[in-house]
Amino acid sequence: MPRLTVVRADAVLIQAVIAGALSFAHLHDLAAAVGQTGWKAWAYPISVDLLLVAAWHRLRSGTAKASAWCWFLVALVASLGANVATAGLLDLTDVPAWLRILVAGWPAVAFLGGTLLAHGTRTPPAGPEAAPTAKTESAAVSTTPESSTAPVPNPTQPATPAPTPVPVPPALVALAHKVADEHRNRTGTAIDTSTLRARLGVPMPLAEAIAAQLT
């Protein structure tokens, strides 16, 4: 048997639909009264409602709230003005010239507001890593050995055997990466071997092997 979908009535949703329909009708009647007949009278309330929705969406996103509040109030004033004007306070058979100018200029205002809200510049979130400071650069320069002072190997002496690499577990390397990233975010400098050994609680040879894999 087909599953029946139960639609539960929401009082707030019903109220929003009723209010939107009444506001839509008032905007339509006002546009028709100033000479915007036909499809243009239906386009005006859609334009106002779309600007309200765009401004509310930008407010919910948390970016450019000042601009979003400005355009939200502009659209709200346009909607409230139409509601008041068609409530008997204005003779729709003799609309004043200033109101005709406002209604005629609304499409340009709505287009500008919608474009700025939909395609406005968004502030990118700050990156997790800070830019390298002058202290870090100077430390990197001071620790870089110069080629002129490098020791020259003696061919008569036997070569010193290379030290056996210390095996490092992958899990310990992953933990070291987290510790190093946390240290860089907090201080703005790369973590040194001594600090890494103290944070991980490992011997110095193992800390040196881990630090070599972090570079």
Side-chain angles (χ1 to χ4, degrees), residues 1-133 178 181-182 184-186 188:
M1 296 179 63
R3 181 179 300 178
L4 298 179
T5 303
V6 179
V7 179
R8 184 174 55 183
D10 190 342
V12 177
L13 181 60
I14 295 176
Q15 176 66 19
V17 172
I18 294 175
L22 291 175
S23 179
F24 191 96
H26 291 159
L27 286 166
H28 172 271
D29 295 343
L30 181 62
V34 299
Q36 305 294 335
T37 57
W39 66 269
K40 293 181 289 185
W42 295 102
Y44 272 89
I46 296 176
S47 174
V48 174
D49 292 342
L50 286 180
L51 187 59
L52 277 172
V53 172
W56 178 247
H57 179 73
R58 177 57 66 91
L59 286 173
R60 292 288 301 272
S61 67
T63 58
K65 285 191 174 183
S67 175
W69 273 116
C70 176
W71 290 110
F72 183 83
L73 291 177
V74 169
L76 185 62
V77 168
S79 179
L80 290 176
N83 295 339
V84 174
T86 55
L89 300 180
L90 180 67
D91 185 5
L92 297 181
T93 60
D94 186 17
V95 180
W98 61 266
L99 184 57
R100 294 178 182 273
I101 295 174
L102 289 179
V103 174
W106 171 255
V109 176
F111 176 78
L112 176 62
T115 302
L116 293 177
L117 290 172
H119 303 286
T121 303
R122 300 177 184 271
T123 304
E129 296 184 0
T133 61
K178 294 181 180 179
D181 292 341
E182 179 185 0
R184 181 182 295 274
N185 293 335
R186 188 177 67 256

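Numbering of residues begins at 1 and proceeds along the displayed sequence. For clarity, every value in this text was computed on a predicted model and none was experimentally measured.
Among all heavy-atom pairs drawn from Ser79 and Leu27, the shortest one is CA-CD2, 4.3 Å.
Other residues, nucleotides and ligands contribute only 12 or fewer heavy atoms inside 6.0 Å of the CZ atom of Arg60.
Asn83 pairs by the side chain to side chain donor-acceptor pair (under 3.5 Å) definition with His26, not counting sequence neighbours. Residues that satisfy the side chain to side chain donor-acceptor pair (under 3.5 Å) test with Thr86, not counting sequence neighbours, are absent from this structure.
Note: Leu76 CG to Trp69 CH2 = 9.5 Å, rounded to the nearest 0.5 Å. Ile18 contributes atom CD1, which lies 13.5 Å from atom OG of Ser23 (distance to the nearest 0.5 angstrom).
Under the 4.5 Å side-chain criterion, counting only non-hydrogen atoms from C-beta, Trp56 is not in contact with Leu117.
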Item checked: Candidate pair Trp71 and Leu59, rule side chain to side chain contact (heavy atoms under 4.5 Å, CB included), full reasoning -> CA-CA 10 Å; Trp71 290 110; Leu59 286 173; over 6 Å; no
In a table with atom names and distances, give each donor-acceptor pair under 3.5 Å that connects a side chain of residues 28-54 to protein atoms at least two apart or in another chain.
{"residue": "Tyr44", "atom": "OH", "partner": "Val103", "partner atom": "O", "Å": "2.9"}
{"residue": "Ser47", "atom": "OG", "partner": "Trp106", "partner atom": "NE1", "Å": "3.2"}

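Counting only distance, with no hydrogens or angles, the side chain of Thr115 and the backbone of Phe111 share a donor-acceptor pair below 3.5 Å.
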